[in-house]
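Contents: one structure, followed by commentary.
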Amino acid sequence: MTFSSSLLFASRLLFPRTGKKSNARRSLFWALGCIGVSLVPLVMVLTVSNGMIKGITERMIGLSSSHLQLVIYSNSEYAKKAESLTELSDAIRMYEPSVKNIYPELQGIGLASSAKGRFGASIRAMEKDIFEKNDAFKNLFEVVEGNTDLSKNNSCVLGKKLASDLNVHAGDSIRLITTKENSSGKTMPKITVLKVSGIVSSGYQELDSLWLFISLENGFKILSTGSSIAQLGIETDDAFSMKLEKTFRALNPFVASAGKLYRWNDLNSAQYENFASTQIMLIFIMMLIVLVASVNISSALVMLVMERKKEIAILKSLGGTKNGIALSFIITGGVIGFFGVLFGLPLGLIASVHFSQIMNAIEKVVNLFANDVHLLDPQFYLQNIPLVIPGAQVALIALGTIVLSLLVSVIPALRAGKEKPIETLRKI
């Protein structure tokens, strides 16, 4: 029995010339639909999780850790005034040409106080024009109220969550409580009145919920050396390039006396690994759904073998081989898987494009029976998820689904090949 004969028999199994109703054939097309539907959540999880990871990683690198981060030792001269940090930045630029930009920063903690109460704040003292100078700040921050001007005396910019907690708006004043050491070495509270120039949001509340921005000069006035950390955010051409490692190795001995140099993935390794492991777990669960849907092909083929015993017996009596007949059923299962992929992948991609609208609709339905339910709480997820379609991974899913369809077809196909024509023809 040739391959073309097996292929012809497979086509007759799927599309018989007679108009006779077939429960087995109906089950096959139901299996096709099940595979297609099961691929929709898998494709959605893949594209949405990739977009989520990309968006969050982009913000962690661009707004927080930078590509490389040099944490200045607290006893270093560079940690005592803004001019010293600028001098070190210039020296690094001259030493390593692959460095694109350097952003000096002084970080500390304090209490932000308003009429509503006091809330912890992560103080970030940066250059006055950081929101215009830094491309990531310019593109990833949304100005909710006011502006991002830090040039005025005692002006500040608040993260959206902190501003909401304090119940303040652009133009309002807040008090920032920090610590300082007096002449006798005792730690005393220091109160500074700041005017809110603007309120910003990165779209990822977990990252910016406590941020309070002030100018670098004000930072050195407000924050004491013992309670603050001076650092340099070093930017290269590409945070994911192999050149970053070369830059790290070149700079490390040069800045060793001033501070400790870190890569962005050193600082964010726990979060990045958490994202990756969560994505793998979700994809694994979705693949199990596809596996269950594929089992329907096996069940439908078993029914088809029982229905087509007569045709199998006639083929065998005319010289058809058991391997050729088995191949026909395997091809049938593979075709069902192939068309299931053609049905499911485009549907999954369309659903991914409209993911936000779908989630909003589901949220509205859920809130008809519950109160104030947020399926994608902005405290933990990006407010606007970028769409990332990984072509290679989607192709791998398509190929894997087809292979899975072929595998689950093997057992009923072998059963069809082992049918004994004499016993079947006696019952006709």
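Please read these numbers as outputs of a predicted model, since none were measured by experiment. FYI, the numbering just counts along the sequence from 1.
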As a quick check of understanding, evaluate side-chain hydrogen bond (donor to acceptor under 3.5 Å, both in side chains) for Ser151 and Asp149, giving each step before the final call. CA-CA 6 Å; Ser151 61; Asp149 184 15; 2.5 Å; yes
Gln69 vs Ser64, side-chain hydrogen bond (donor to acceptor under 3.5 Å, both in side chains): CA-CA, chis, key distance, verdict: CA-CA 9 Å; Gln69 187 178 104; Ser64 181; 5.7 Å; no
Between Leu244 and Asp238, does the side chain to side chain contact (heavy atoms under 4.5 Å, CB included) criterion hold? Intermediate values first, please. CA-CA 7 Å; Leu244 182 69; Asp238 187 1; over 6 Å; no
Begin with the C-alpha distance, continue with both residues' side-chain angles, and end with the deciding distance and a verdict on side chain to side chain contact (heavy atoms under 4.5 Å, CB included) for Glu132 and Thr148. CA-CA 9 Å; Glu132 290 76 34; Thr148 55; 3.3 Å; yes
Going through the distances and angles, do Asn134 and Tyr103 end up as a side chain to side chain contact (heavy atoms under 4.5 Å, CB included)? CA-CA 8 Å; Asn134 188 317; Tyr103 305 107; 3.3 Å; yes
As a quick check of understanding, evaluate side chain to side chain contact (heavy atoms under 4.5 Å, CB included) for Leu158 and Ile174, giving each step before the final call. CA-CA 11 Å; Leu158 300 181; Ile174 62 170; 4.1 Å; yes
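Aromatic pair Phe240/Trp264: centroids less than 6.0 angstrom apart. A centroid separation of less than 6.0 Å is found between the aromatic rings of Phe213 and Phe131.
Side-chain contact check for Leu70 versus Ile92: some heavy-atom pair is nearer than 4.5 Å. For the pair Ser114/Asn167, no side-chain contact is recorded, criterion being any heavy-atom separation below 4.5 Å from C-beta on. Annotation: side chain of Ile61 is not in contact with side chain of Ser66 (no heavy-atom distance under 4.5 Å). Residues Val410 and Leu406 are not in side-chain contact: their nearest non-hydrogen atoms beyond the backbone lie 4.5 Å or more apart. Between Val99 and Leu251 the shortest side-chain heavy-atom distance falls below 4.5 Å. The shortest distance between side-chain heavy atoms of Val45 and Ile285 does not fall below 4.5 Å. Val403 is listed as a side-chain neighbour of Leu407, based on a closest heavy-atom distance under 4.5 Å. Using a 4.5 Å heavy-atom cutoff, the side chains of Lys160 and Asp208 are not in contact.
Between the side chain of Ser49 and the backbone N or O of Leu46, at least one donor-acceptor pair lies under 3.5 Å. Of the possible donor and acceptor atoms, one in the side chain of Ser155 sits under 3.5 Å from a partner among the backbone N and O of Lys152. Using modelled atom types, one side-chain atom of Thr86 and one backbone atom of Ala82 make a donor-acceptor pair closer than 3.5 Å. Between the side chain of Asn139 and the backbone N or O of Asp135, at least one donor-acceptor pair lies under 3.5 Å. Distance alone, capped at 3.5 Å, places no donor-acceptor pair between the Ser209 side chain and the Lys161 backbone. Of the possible donor and acceptor atoms, none in the side chain of Ser298 sits under 3.5 Å from a partner among the backbone N and O of Ser294.
Ser98 pairs by the side chain to side chain contact (heavy atoms under 4.5 Å, CB included) definition with Glu96, Thr247, not counting sequence neighbours. Checked against ring-ring contact (aromatic ring centres under 6.0 Å, His included), Tyr95 has the following partners two or more places apart in sequence or in another chain: Phe254. By the side chain to side chain contact (heavy atoms under 4.5 Å, CB included) test, Leu140 pairs with Glu58, Arg59, Leu63, Ala136, sequence neighbours left out. Residues satisfying the side chain to side chain contact (heavy atoms under 4.5 Å, CB included) test with Ser257, not counting sequence neighbours, are none. Contacts of Lys133 classified as salt bridge (charged side-chain N to carboxylate O under 4.0 Å, His left out), with partners at least two apart in sequence or in another chain: Glu127. By the salt bridge (charged side-chain N to carboxylate O under 4.0 Å, His left out) test, Asp172 pairs with no residue at all, sequence neighbours left out. Annotation: salt bridge (charged side-chain N to carboxylate O under 4.0 Å, His left out) contacts of Arg263 (sequence neighbours excluded): Glu245, Asp266. Under the side chain to side chain contact (heavy atoms under 4.5 Å, CB included) criterion, Glu145 pairs with His169, Ala170, Ile199, not counting sequence neighbours. For Asp237, the salt bridge (charged side-chain N to carboxylate O under 4.0 Å, His left out) criterion is met by no residue, not counting sequence neighbours. Taking the side-chain hydrogen bond (donor to acceptor under 3.5 Å, both in side chains) definition, one finds that Arg118 meets it with nothing, sequence neighbours left out.
Heavy-atom contacts from other residues, nucleotides or ligands closer than 6.0 Å to NZ of Lys246 number 12 or fewer. Atom OH of Tyr78 sits in a sparse spot, with 12 or fewer heavy atoms from other residues, nucleotides or ligands closer than 6.0 Å. Crowding of Ile109 atom CD1: a count of heavy atoms from other residues, nucleotides or ligands under 6.0 Å not exceeding 12. Environment of CD1 in Ile411: sparse, with no more than 12 heavy atoms of neighbouring residues, nucleotides or ligands closer than 6.0 Å.
Going from atom CG of Leu106 over to atom CZ of Phe220 covers 4.5 Å, rounded to the nearest 0.5 Å. For the atom pair CG of Leu194 and OG of Ser113, the computed distance is 11.5 Å after rounding to the nearest 0.5 Å. Atom-to-atom distance recorded for Ser228:OG and Ile222:CD1 is 11.5 Å, nearest 0.5 angstrom. Here the OG-CG distance, from Ser89 to Asn101, works out to 10.5 Å after rounding to the nearest 0.5 Å. Rounding to the nearest 0.5 Å places CG of Leu232 at 6.0 Å from CD1 of Ile102. Taken from CD in Glu105 to CD in Gln231, the straight-line distance is 4.5 Å, to the nearest 0.5 Å.
The two residues Ala112 and Leu212 make their nearest non-hydrogen contact at CB-CD1, 4.3 Å. Residue Pro390 comes nearest to Thr47 through the heavy atom pair CD-CG2, 4.0 Å, listed as atom of the first residue, atom of the second, then distance. Residues Ile336 and Leu28 come closest through the heavy atom pair CG2-O, 3.7 Å. Nearest approach of Ile297 to Gly337, heavy atoms of both residues: CD1-N, 4.2 Å. Listed here is the closest heavy atom pair of Leu207 and Met60: CD2-N, 4.1 Å. Considering every non-hydrogen atom in both Leu39 and Gly340, the closest pair reads CD1-O, 4.0 Å.
Sorted by first and then second residue, the side-chain hydrogen bond (donor to acceptor under 3.5 Å, both in side chains) pairs with a member in residues 387-409 read Asn50-Gln393; sequence neighbours excluded. Sorted by first and then second residue, the ring pair (Phe, Tyr, Trp, His ring centres under 6.0 Å) pairs with a member in residues 281-339 form an empty list; sequence neighbours excluded.
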